[in-house]
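Heads up: the structure comes next, in structure tokens.
Just so you know, ligand 1 is whichever comes first in the structure, and atom 1 is the first atom listed for that ligand.
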Amino acid sequence: MHELRETRKIEHIRQSLALEDGPLSNGFADVHLIHNALPELKVEDIDLSLTFLGKKLEKPILINAITGGHPAVTEINRKLANLAAQKKIAIAVGSQAAGLRNADVWSSYSVVRQMNPDGVVIANINADTPLRGALKAIDVIEADAIQVHLNGAQELAMREGDRDFTGWAGMIKELIRHSPVPVIVKEVGFGISKEVALRLWDMGVTYLDVGGAGGTNFVAIELRRQEVEDHSFEAWGIPTAITLGEVMYTLRQNSSDREDRHVIATGGIRNGWEGAKALAMGADLIGLAGPLLKRLDQEQAMEEFIENFQQDLTRALLLTGSKKLKELRQQPCVYSGFVKTWFEQRGIILSS
Ligand code: FNR
């Protein structure tokens with residue numbers, strides 16, 4: 001059974017390399033920033049740095065959870081960890097379930113901390129992991145925070161996946177009570193609605209990663225892996241720009257909590273312009289997985305991707321007249337098309 005799970009992990013990586021994003025769009029084409037023709041700023045004025053989990057990041061980027069748990073993936077984590085260290089950005093390891101089953105594979109995760117002794121490194125577990133396992137996952141990589149992933153859609157798409165999704169809320173509450181580090185609840189590509197966000201904030205969660213649709217699609221990965229012909233399940237999920245609006249709306253309803261609550265935008269964000277829109281909508285950090293995995297064979301291409309992302313973020317800040325990320329967050333966004341209709345029907349008002 002272990003062997004089957006670990007083989008699946010490698011197949012996921014292979015399938016995700018072969019697959020395009022989608023079929024849903026991430027929604028950011030319907031989010032618009034407003035050009036400032038008189039910004040009175042220099043490129044070198046623009047400051048993309050921030051403090052996240054008590055540490056300084058040079059850019060608001062997280063290399064989000066991908067892998068770990070098999071000797072064959074240690075090299076992937078080494079490369080991703082090296083990129084995080086070089087670019088002074090945050091990184092999360094992939095699900096640590098395999099390490100909790102077999103301690104021999106812990107080194108495939110701990111390499112990420114070894115290469116980032118001072119950086120932000122985040123643990124990752126399933127929502128049904130017992131507390132002892134969660135604390136072990138934190139300890140092994142001296143994590144600055146722990147992600148709990150919610151992946152019901154992915155499990156349902158897997159022939160051998162879980163069918164019982166009860167008990168997750170209780171586990172999250174228990175973890176918040178006992179964890180020495182903040183708990184980040186994340187979706188893996190199907191988004192978080194405003195109703196679920198409210199429940200999570202009420203439970204005491206202070207970090208949410210919206211994990212919206214439009215990028216890497218785990219249902220599509222599973223269906224292709226199983227060679228299923230009917231792909232209709234692939235269009236499930238809340239696009240990233242929309243789930244971000246849903247989650248931000250729950251924060252803005254109670255603005256006194258804003259400073260203590262943090263939102264990460266992940267899911268199909270593929271360039272700094274989309275990243276800037278997500279930051280203007282209120283995200284603290286942009287999570288990236290697929291685009292880095294796809295460039296893993298050429299470390300230079302991974303670095304260039306981050307450099308281009310940074311350059312476009314800088315341009316977007318300058319052209320909205322924002323010197324810092326906090327100022328970008330004050331900028332208004334205009335919503336069009338499907339995203340506007342969605343927000344209207346859901347009663348979501350997002351004035352900055
Ligand atoms: C992932 N992702 C993921 N998430 C998680 O919480 N635990 C995990 O173990 C994994 N594993 C994983 C493997 C592979 C091959 C990929 C591509 C992704 C999900 C990831 O962190 C992210 O939420 C999604 O991939 C959406 O972001 P992108 O890829 O669209 O930028």
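Listed by chain and number, residues touching ligand 1 at under 4.0 Å (heavy atoms only) are Ile13, Ser16, Asn64, Ala65, Ile66, Gly94, Ser95, Asn124, His149, Lys186, Val188, Gly215, Thr216, Phe218, Thr266, Gly267, Gly268, Arg270, Leu288, Ala289, Gly290, Pro291, Leu293.
By the salt bridge (Lys or Arg N to Asp or Glu O under 4.0 Å) test, Glu274 is found to be paired with no residue, residues two or more places apart in sequence or in another chain being considered.
Side-chain contact annotation: Glu11 with Gln15, donor-acceptor N/O pair under 3.5 Å absent. A donor-acceptor pair shorter than 3.5 Å cannot be found between the side chains of Gln96 and Trp106. At a cut-off of 3.5 Å, with distance as the only test, no side-chain donor of Glu304 or Asn308 sits close to an acceptor on the other residue.
Within the structure, salt bridge (Lys or Arg N to Asp or Glu O under 4.0 Å) contacts touching residues 66-93 (residues at least two apart or in different chains) are Glu75-Arg78, Arg78-Glu299, Lys87-Glu307.
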Which side-chain N or O atoms in residues 200-208 pair as donor and acceptor under 3.5 Å with protein atoms at least two apart or in another chain?
{"unit_1": "Trp201", "atom_1": "NE1", "unit_2": "Thr250", "atom_2": "OG1", "d": "2.8"}

